[in-house]
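Only this structure's heavy atoms are used, side chains among them; waters, hydrogens and symmetry mates stay out. Every number for a ligand or one of its atoms is a count from 1 in the order of the listing.
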Amino acid sequence: MSFDLVFFGGTGDLTWRKLMPALFQAFRHGKLPEGGRVLAVARDEQDDDQYRAWLKDRFQDVIDAKRPSDEEFARFADLLHYRRLDLSKPEHYQRLKDWLAERDADTVVLYLATSPYLFPQICEQLGRAGLNGPKIRVVLEKPLGHDLASAQEINRVVRSVFKEEQAFRIDHYLGKPSVQNLMALRFGNVLFEPLWRRESIANVQITIAEDIGVGTRGDFYDKTGALRDMIQNHALQLLTMVAMEPPSRNDADAIRDEKLKVLRSLKPFTEHSVARDVVRGQYRAGTSNGKAVLGYREEDKVPGDSQRETFVALRTEVQNWRWAGVPFYLRTGKRLAARDAQIVVNFRATPHNIFPGVNAPNKFVIKLQPEDGLELHLLAAKGAAQHEPLSPVSLDLDFDKAFAENRVGAYERLLLEVIAGRLNLFVRSDEQEQAWRWVEPVLDAWDKDSAGPRIYAAGTWGPAAASALVARDGYAWSEEE
Ligand code: BG6
């Protein structure tokens, strides 16, 4: 199957930091279909060789194991081409069309790795140039909008040019092997499904903690914040995968229909419940991994009086028969104590205890990163004495060890899926809009609330109020138990 892959924003950060290295990995692993051409387009004037040399230089920043040797790069570079394209000029799109028509590949992927503010303009121009035929797929990178209205506007323009099945909206968490494994775990095994409901589960905790700060992205981040950057997309996608009903088929719409139902079942926020159930925080100076680090307001390109949240913890419920009354806690933040993304499913206590002491309920931990694995926490008898208290034990599974060979990174997986035309790992417009609809009352309530975020020291687990949020229901975050 021949394909042409076009990167708009071909000299931008996303292209050289994430997309090209991922594409190179796919090439190295022999997973890229034969007969591909890759075209980077951007404003600068340069030819193919200059672009290849520039990219080779950029690849020096890629971690050792993923960096190509000279010989590998030379082979990879044969796929790469470059054309100047001014996004506002119709004749430049016409030139792109001519280039694509030269060989009429089976599939054409147009990857918009630009600022989302440019999506409407690019899509309109693509439509006018007739670059929206059935062989064409368009890939849209997050952040898709700033709120519901802007997301709807982007979708309106995209839909006026492309069919829904031509639009691949990226949430890179869906490309992570650990996240795909959630589907396998739930719907490829009978073991968990009977217990996966309110009768057996006390609460679910989804944490995406980062130890890094905002780095060089202060400008972007201060307009965005943790709710838009992580909760509206990554954390909610994880929640839908934990809470969804079994889809009838492993196909994109069957899966996305079920995810949408979960998003529609989330308990809506009111001004009152935002004050009670959502905690926002902002890091001050502290220590991260043994090093003194700046506070958020001292970061580059962040205003000294910024009220932007770098941390969010919230409590919600999925209002349906399976999950009624079960708290779902979501938490994310920058400059937290560790880089750690995991889903903790806390089971209910045994109904009647016949052993001495208090028995900790079972806990199932789905570790997403840095490790990718599962832990099932159980109780067992040591067998040392009669009437002994039970001891905690855990069954641990490390997927990086179990499946050591060629595990595919998130962007590599997503690029391959787009080229193959499989939409399962991409977000449909109605899902994305529903997620915005749900977070918007939180943004509105914060706008009206002059109290601002709660301050936490860098290198900790966020403001104390986040612990209180969970403690109110009689629970604790996993690391506090
Ligand atoms: C991005 C956010 O979507 O996800 C970043 O914009 C965040 O702020 C990143 O750092 C986290 O991704 P990962 O794969 O490193 O967990």
Side-chain angles (χ1 to χ4, degrees), residues 9 12-15 17-19 21-22 25 61-63 66 111-117 139-146 151 168-182 206-239 241 280-283 288-289 293 296 299-302 306 308-312 330-343 366-373 400 407-415 425-427 432 435-436 439 458 462:
D13 259 38
L14 180 68
T15 302
R17 267 186 214 282
K18 300 267 191 200
L19 304 178
Q25 290 307 316
D61 288 349
V62 171
I63 57 166
K66 299 202 163 171
Y111 198 122
L112 309 193
T114 63
S115 156
Y117 298 106
V139 185
L140 307 160
E141 258 292 340
K142 143 182 191 296
L144 282 163
H146 194 67
F168 289 66
R169 289 177 196 78
I170 296 243
D171 182 316
H172 79 278
Y173 265 61
L174 296 183
K176 290 181 189 272
S178 49
V179 177
Q180 290 160 50
N181 216 358
L182 252 175
I206 299 178
T207 296
I208 310 178
E210 296 185 278
D211 53 358
I212 53 168
V214 294
T216 53
R217 298 162 77 222
D219 213 7
F220 158 80
Y221 197 86
D222 206 61
K223 291 190 209 101
T224 309
L227 190 76
R228 291 185 173 97
D229 191 39
M230 301 293 284
I231 298 281
Q232 186 273 342
N233 34 69
H234 308 322
L236 279 185
Q237 284 293 324
L238 295 181
L239 185 152
M241 294 180 83
R280 60 175 158 157
Q282 186 189 77
Y283 63 87
S288 175
N289 299 317
V293 292
Y296 177 67
E299 299 274 20
D300 196 23
K301 301 193 200 131
V302 172
S306 172
R308 184 55 69 201
E309 84 285 357
T310 60
F311 174 95
V312 177
L330 309 187
R331 174 174 64 156
T332 188
K334 300 265 183 217
R335 281 281 184 243
L336 295 183
R339 175 168 186 254
D340 186 13
Q342 60 175 24
I343 299 168
I366 303 162
K367 298 198 284 187
L368 306 176
Q369 61 187 33
E371 300 102 33
D372 172 5
D400 285 322
R407 294 210 84 194
V408 170
Y411 272 103
E412 183 182 347
R413 160 66 50 223
L414 294 175
L415 282 168
L425 303 181
F426 298 86
V427 181
Q432 181 216 349
W436 276 118
V439 298

Inset, instruction - Specify whether His172 and Tyr411 have parallel, tilted or perpendicular ring planes, treating 30° as the upper limit for parallel and 60° as the lower limit for perpendicular. - result: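 Rings of His172 and Tyr411: parallel, under 30°.
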Inset, instruction - Indicate the ring-plane relationship of Tyr173 and His234, choosing parallel, tilted or perpendicular according to the 30° and 60° boundaries. - result: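 Parallel: the ring planes of Tyr173 and His234 meet at under 30°.
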Give the numbers and elements of all ligand 1 atoms closer than 4.0 Å to a heavy atom of [X].
X: Lys334; result: 5 (C), 7 (C), 8 (O), 10 (O)
X: Lys142; result: 1 (C), 2 (C), 3 (O), 6 (O)
X: Gln369; result: 13 (P), 16 (O)
X: Glu210; result: 7 (C), 10 (O), 11 (C)
X: Asp229; result: 2 (C), 5 (C), 6 (O), 8 (O)

Nearest neighbour in protein (non-hydrogen) for [atom]:
atom: atom 15 (O) of ligand 1; answer: Arg339 NH2, 3.9 Å
atom: atom 14 (O) of ligand 1; answer: Lys176 NZ, 2.6 Å
atom: atom 16 (O) of ligand 1; answer: Tyr173 OH, 2.5 Å

Legend entry - Side chain to side chain, Ser306 and Gln282, heavy atoms closer than 4.5 Å: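 Yes - at least one pair of side-chain heavy atoms lies under 4.5 Å apart.
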Inset, instruction - Quick one: do Asp229 and Lys142 satisfy salt bridge (Lys or Arg N to Asp or Glu O under 4.0 Å)? Show the steps, please. - result: CA-CA 9 Å; Asp229 191 39; Lys142 143 182 191 296; 3.1 Å; yes
Inset, instruction - Enter the distance from Arg280:CZ to Leu227:CG here, rounded to the nearest 0.5 Å. - result: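 The CG atom of Leu227 is 10.0 Å from CZ of Arg280, to the nearest 0.5 Å.
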Legend entry - side-chain contact (heavy atoms from CB on, under 4.5 Å) partner of Ile206, the single match among Ile366, Leu368, Leu330: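 Result for side-chain contact (heavy atoms from CB on, under 4.5 Å) with Ile206: Leu330.
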Legend entry - Phe220, CZ: over 12 other non-hydrogen atoms inside 6.0 angstrom: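 Yes, because the 6.0 Å sphere around CZ of Phe220 holds more than 12 heavy atoms from other groups.
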Inset, instruction - From the options His172, Arg217, His234, select the one whose nearest heavy atom is closest to atom 12 (O) of ligand 1. - result: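 When every heavy atom of His172, Arg217, His234 is considered, His172 comes closest to atom 12 (O) of ligand 1.
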